[in-house]
Every structure is written in structure tokens, then in C-alpha cells.
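Before any comments, here is the structure.
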Amino acid sequence: MPPIDELTRIEPVHLARLEHQGIFTTGLLLEVSETVTRRQTLADQVDASTNDVLAWRDEALMLNLAGFGPNEHQLLIQAGIEGLRDILAVDLETFGTRTHRAATELNQEPPSALMLTGWWEQAKTLEDE
């Protein structure tokens, strides 16, 4: 599980408060924000809104896709994809096109078609999270 500080949509003050609550990984964040009630409790504990918690959860779900690491995270940010919802908002072809364009901009090798398809399909599977 990636560390919580890899989330880009989280303010430093909230990051410190989450760590104070013992939430150090994206997996723990996903666990403690599983339900509406848990999201509200977490938001209250760290003085954030439930929309903040949903945004963190969205990005954490993306970071936990198979074969996904810091380089892939940077690549998708470059492609304008900040979380699972952004992947779900486009079809597979658009996802691939945006990712390949971002790889070119970053001067790095784009992910394989198999990897992109895997991420996109995992996102579809996690859609109801």
C-alpha cells in the first residue's frame, strides 16, 4: 500500500492530522473511509469536509491499482487524471491517448496497452467504491 503522503490532493494540515490518527497508508485511508458514516467520522476527526475525504479516497483507489507506482501517478497527473473518477469518465481509447501524450510530454516510456487496459478495467470494477 502506498504511503498516505503520495496523495497529491491532500493539504499538509490534513496529512498531519491523518497521521496523528494512525493513518499512514492509502490502504488504511480506504478502510477508515469505507462507508458514509466512516467518511463523516474521519472528516470530523481531521477537521475536513466529506468532499475532501471523498477526493482523497478517489485518489487512493487509483494509487492502489495493480502495477501502479509513483511514476505512473505522475504520468496520470500529467494526463489530467487525478483519481479513479477521472479514469471512469473516459473510454479506454481516450484514457490511452491521454496517457501516451503525457508520457511524451514527460519524455518517458508509455505504459503498455495491457497495463492501461488493466488499470481501466480495475477502475470499472472499483466503480462502486
Side-chain angles (χ1 to χ4, degrees):
M1 297 285 144
I4 195 88
D5 62 4
E6 286 190 24
L7 296 173
T8 60
R9 295 193 277 177
I10 188 167
E11 306 260 342
V13 66
H14 292 126
L15 181 61
R17 291 174 183 162
L18 286 168
E19 289 175 344
H20 183 73
Q21 293 290 327
I23 302 168
F24 299 103
T25 69
T26 55
L28 288 170
L29 174 66
L30 292 172
E31 184 179 320
V32 300
S33 64
E34 216 169 24
T35 65
V36 173
T37 303
R38 285 179 160 195
R39 287 189 286 275
Q40 183 63 60
T41 300
L42 180 61
D44 292 344
Q45 290 172 337
V46 298
D47 195 25
S49 73
T50 53
N51 286 338
D52 290 332
V53 175
L54 282 171
W56 305 337
R57 183 174 174 76
D58 181 52
E59 187 176 8
L61 284 165
M62 183 179 76
L63 290 178
N64 282 287
L65 295 175
F68 204 88
N71 291 337
E72 291 79 12
H73 189 201
Q74 185 60 43
L75 176 68
L76 291 193
I77 288 171
Q78 182 72 24
I81 299 170
E82 295 183 340
L84 201 69
R85 286 193 180 115
D86 292 335
I87 296 172
L88 294 168
V90 296
D91 60 26
L92 179 57
E93 182 179 344
T94 303
F95 179 57
T97 300
R98 288 174 63 182
T99 304
H100 277 80
R101 183 178 34 222
T104 300
E105 291 167 0
L106 293 172
N107 197 30
Q108 69 183 49
E109 193 70 29
S112 69
L114 182 62
M115 186 65 76
L116 288 171
T117 300
W119 292 338
W120 193 79
E121 288 176 352
Q122 285 176 66
K124 291 291 184 189
T125 301
L126 295 170
E127 190 167 9
D128 295 328
E129 291 286 322

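Connection of Met62 to Leu75 is not established within any shared hydrophobic cluster, with ILVMFWY side chains joined at heavy-atom distances below 4.5 Å, either directly or through further cluster members. No continuous path of ILVMFWY side-chain contacts below 4.5 Å connects Leu15 to Leu54, so the two sit in separate hydrophobic clusters. Residue Leu84 is grouped with residue Met115 when hydrophobic side chains (ILVMFWY) are merged at heavy-atom distances under 4.5 angstrom, including chains of intermediate members. No chain of hydrophobic side-chain contacts below 4.5 Å, direct or via other Ile, Leu, Val, Met, Phe, Trp or Tyr residues, connects Val32 to Phe24. Ile87 and Leu116 fall within a single hydrophobic cluster, where Ile, Leu, Val, Met, Phe, Trp and Tyr are joined by side-chain heavy atoms under 4.5 Å apart, directly or via other members.
The backbone N or O of Ala79 sits less than 3.5 Å from a side-chain atom of Arg98, completing a donor-acceptor pair. With Trp119 contributing its side chain and Leu65 its backbone, the two residues share no donor-acceptor pair below 3.5 Å. Panel note: side chain Trp120, backbone Val90; a donor-acceptor pair is recorded below 3.5 Å. Side chain of Trp56 to main chain of Leu29: no donor-acceptor pair is present (N/O by atom type, distance under 3.5 Å, no hydrogens or angles). No donor-acceptor distance shorter than 3.5 angstrom exists from the side chain of His14 to the backbone of Ile10, with no hydrogens or angles considered. Here the side chain of Arg9 pairs a donor or acceptor atom with the backbone of Ala55 at under 3.5 angstrom.
Every side-chain hydrogen bond (donor to acceptor under 3.5 Å, both in side chains) that Thr26 has, sequence neighbours left out, goes to Asn64. Here Glu6 pairs with Pro2, Pro3, Leu63, Pro70 under the side chain to side chain contact (heavy atoms under 4.5 Å, CB included) rule; sequence neighbours left out. Arg101 meets the side-chain hydrogen bond (donor to acceptor under 3.5 Å, both in side chains) test with no other residue; sequence neighbours excluded.
The shortest non-hydrogen separation linking Ala60 to Leu30 is CB-CD2, 3.9 Å. Here the closest heavy-atom approach between residue Leu28 and residue Gly22 is recorded as CD1-O, 3.6 Å.
For residues 70-91, the set of pairs meeting the side-chain hydrogen bond (donor to acceptor under 3.5 Å, both in side chains) definition, not counting sequence neighbours, comprises Glu59-His73, Gln78-Glu105, Asp91-Thr94. Screening residues 45-54 for salt bridge (charged side-chain N to carboxylate O under 4.0 Å, His left out) gives Arg17-Asp47 as the qualifying pairs, with residues at least two apart or on separate chains. The stretch residues 61-71 participates, sequence neighbours left out, in no salt bridge (charged side-chain N to carboxylate O under 4.0 Å, His left out) pair at all.
Taken to the nearest 0.5 Å, the CD atom of Glu121 stands 7.5 Å off from the CG atom of Leu92. Annotation: the span from Glu34 atom CD to Leu42 atom CG amounts to 12.5 Å, rounded to 0.5 Å. Between the CG atom of Leu18 and the CD1 atom of Ile23 there is a distance of 5.0 Å, given to the nearest 0.5 Å. The CD atom of Glu19 lies 11.0 Å from the OG1 atom of Thr25; values are rounded to the nearest 0.5 Å.
Side-chain N/O atoms of Ser33 and Arg57 include a donor and acceptor closer than 3.5 Å.
Atom CD of Glu11 has 12 or fewer heavy atoms from other residues, nucleotides or ligands within 6.0 Å.
Inter-residue side-chain proximity for Pro110 and Thr99 is flagged as unmet; no heavy-atom pair is nearer than 4.5 Å.
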